[in-house]
2 protein chains.
Amino acid sequence: MPPTLAVSTVILGIREGVEGGPDKLCLPLVRRIRQPHAGLWALPGGPVGARESLGQAAGRTLAETTGLRPNYLEQLYTFGDIDRSPTHRLVTIAYFALMHVDQVGATVRDENVAWFDIDDPQIARMAFDHRQIVDYALWRLRNKTEYGQIAHRLLGERFTLAALRGVYEAILGRRLDPANFRRTLNSTASIEATDEYQAGGKHRPPRLYRYVGHGPDPLQVDPLQVEPPQG
Amino acid sequence: MPPTLAVSTVILGIREGVEGGPDKLCLPLVRRIRQPHAGLWALPGGPVGARESLGQAAGRTLAETTGLRPNYLEQLYTFGDIDRSPTHRLVTIAYFALMHVDQVGATVRDENVAWFDIDDPQIARMAFDHRQIVDYALWRLRNKTEYGQIAHRLLGERFTLAALRGVYEAILGRRLDPANFRRTLNSTASIEATDEYQAGGKHRPPRLYRYVGHGPDPLQVDPLQVEPPQG
DNA sequence: CCGCGTTAGAGTCATTCTGACATTAACTAC
DNA sequence: GTAGTTAATGTCAGAATGACTCTAACGCGG
C-alpha cells in the first residue's frame, strides 16, 4: 500500500492585546471527528488530489475545512516518519499561512473549528505530530530575516507604525523601542508613508503607512512560494 | 493511480581553486539511462520505501547511486507540480547534503556518475526540474544565517582559517578580508583554536582550528534535521 | 478656553559593529 | 643572509544600534 499524501496548514493571525498588553499570535484548529485521535484538535488539511499542485491542495483543504482564504502561503516542511500516524503510513506536506488582522475570527460557524492563542494550554497536545509542526512554524517565523512582507500580510493594506510594531513584538516576544523601530523602518524603503492619518483615536492621530514590494530583487521572497487558488 | 513519492539530494562539496583563484562549489550527478530524460544528468535519488523515513530514503538512495555518505543532511523543499514529470505524477522531497573536502572525488567508479562545478555549462540543463532544485539549494545555502557548522561539515575535523575563509568565499561568491574574517570568527566562540599548526607549506605555518558545537542552544540547528543512516 | 494626559514623531549621544588598511611575525627558497 | 609569501595583530573612520530626551498634536475634563 503506497503512503497517503496529505497537506496541513499552520495559519497565523494577530489578535490585539488586552489592556495595553502585547499583541498575540493565534491560529485556527479543527476538531477531529474520526479516529485516530478523535476529539483532539488538529491542523486543517486533507489529502492531495491527483490534478492539483501541493500549494493548491493546501489552499483548497483550508477553505473547505475552515472557510479561510489566506493571502500568503509558504511551504514549511514535509513530515514522513513511519509511525506518525498509528493506522497507516502518512506523509504530510506542511504549509504556513498568514491572515489579515480583520479576518481573524471570521471563520465558518462550526463548533469543530476554533481559534486559539499560541500559548493556550488547551492545545499543548494536538492530534498526530501537529504540535511539533506548529512549534516549527513559530521557529521559522521568528528566524525570518525579512519581516517586512510578513508583517504587512498580517495587517491590512494600510497600517500605523504602532500596529506594525505590535506584529514584530508578537513574533519576537519582546517589546521594541518605538523611536528606534521607526528609524530602522524608515531606512528600509519597503515601507512607505501615505498622507493619510488614522482618525477616531483619543490622542494624536498616527500616520498610515503601506508596504511597497521592492521591485527587482529576485531573492526577496522564497522563490518557490506558492500562491493560493483564486476565488 | 496515487502519486509516486521520491527523494532527490543536492550534495555540495568544495573544490580548491586553481592558481590562487577562489574555491569552487561542486556536486555529483547521475546520468539517466531510462526514459524520461534519458542521457541527461540528474540528482541522485529514488523512491521512498515503505519502512524508512524520508531522511533515511535520502541517505540510502544516495549511497546506492553514488557510493557517497555525507555527514550532513537537511530537508530542502518538496516539489509536486502536476507536470514536472512527463509520464506520471511525481512528488519529490529534495534534500541538501554537504561533503568533507577530502571525499570530493571519492565517488563510485562509474561513467554515469560525475562531479561538476556549480557553474559548469554542461549542467545548465538537467533532467526534470532538477536544475531549479539545485538553484534553490544554492539560494538557501547563501542565505543561511549560521555558516559555522555548515563550513565545518565541508572541511575536515581540523582546518586553517584560510581554508574556512575559502569556504565562505565559495558560498558567498566574493573575497573576504582575512583580518576581519579572523576577528569575527574569534568572537563567535563556535570555532576554537588548537595548539597544532599545519606543516609542509612554503610559508609561515597556519594554526589549526576546530568546530565546537555550542552546547545548550536549542535553536542552533534546524530542529528537524535528519541524520543519515549509519554505516 | 485652557491645561493635562497620551501617543506620534524627531533628535541626541554613547557604544558597538564593520570595512579598509597598516604592521609585525614566521616560515621557505635561493 | 635576503627576498618572498602568508599568518596574525593592530589601528582608525564611518555605519549601525540601543537608551534616552524633547517637541507636536490630538481628546478630554474642567
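Each chain gets a letter, A, B and so on, in the order the sequences are listed, and its residues count up from 1.
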Which pairs, protein N/O on one side and nucleotides 9-13 of chain C N/O on the other, fall under 3.5 Å?
| unit_1 | atom_1 | unit_2 | atom_2 | d |
| --- | --- | --- | --- | --- |
| C:dG9 | OP1 | A:R207 | N | 2.8 |
| C:dG9 | OP2 | A:R182 | NH2 | 3.4 |
| C:dG9 | O5' | A:R182 | NH1 | 3.3 |

Separation of [N] [atom2] from [X] [atom1] (nearest whole Å):
X: B:L176; N: D:dT6; atom1: CG; atom2: C1'; answer: 17 Å
X: B:Y168; N: C:dT18; atom1: OH; atom2: P; answer: 13 Å
X: B:L185; N: C:dC17; atom1: CG; atom2: P; answer: 15 Å
X: B:F181; N: C:dC17; atom1: CZ; atom2: C1'; answer: 17 Å
X: A:Q198; N: D:dC26; atom1: CD; atom2: C1'; answer: 13 Å
X: A:R175; N: D:dC20; atom1: CZ; atom2: C1'; answer: 18 Å
X: B:R165; N: C:dG19; atom1: CZ; atom2: C1'; answer: 15 Å
X: B:F159; N: D:dA7; atom1: CZ; atom2: P; answer: 15 Å

Residues A:T160, A:R165; criterion side-chain hydrogen bond (donor to acceptor under 3.5 Å, both in side chains); working and verdict: CA-CA 9 Å; A:T160 67; A:R165 181 165 49 87; over 6 Å; no

Ignoring hydrogens, what is the shortest heavy-atom contact between B:V134 and B:I118? Give both atom names and the distance. CG1-CD1, 4.5 Å

Centres of the B:F159 and B:Y209 rings: under 6.0 Å? no

For the pair A:Y136 and A:W139, name the ring-plane relationship: parallel under 30°, tilted 30 to 60°, perpendicular over 60°. parallel

In this structure, OH of A:Y72 is separated from CD1 of A:I11 (nearest 0.5 Å) by 14.5 Å

If only atom types and distance count, is the side chain of A:R131 paired as donor or acceptor with the main-chain N or O of A:I123 below 3.5 Å? yes

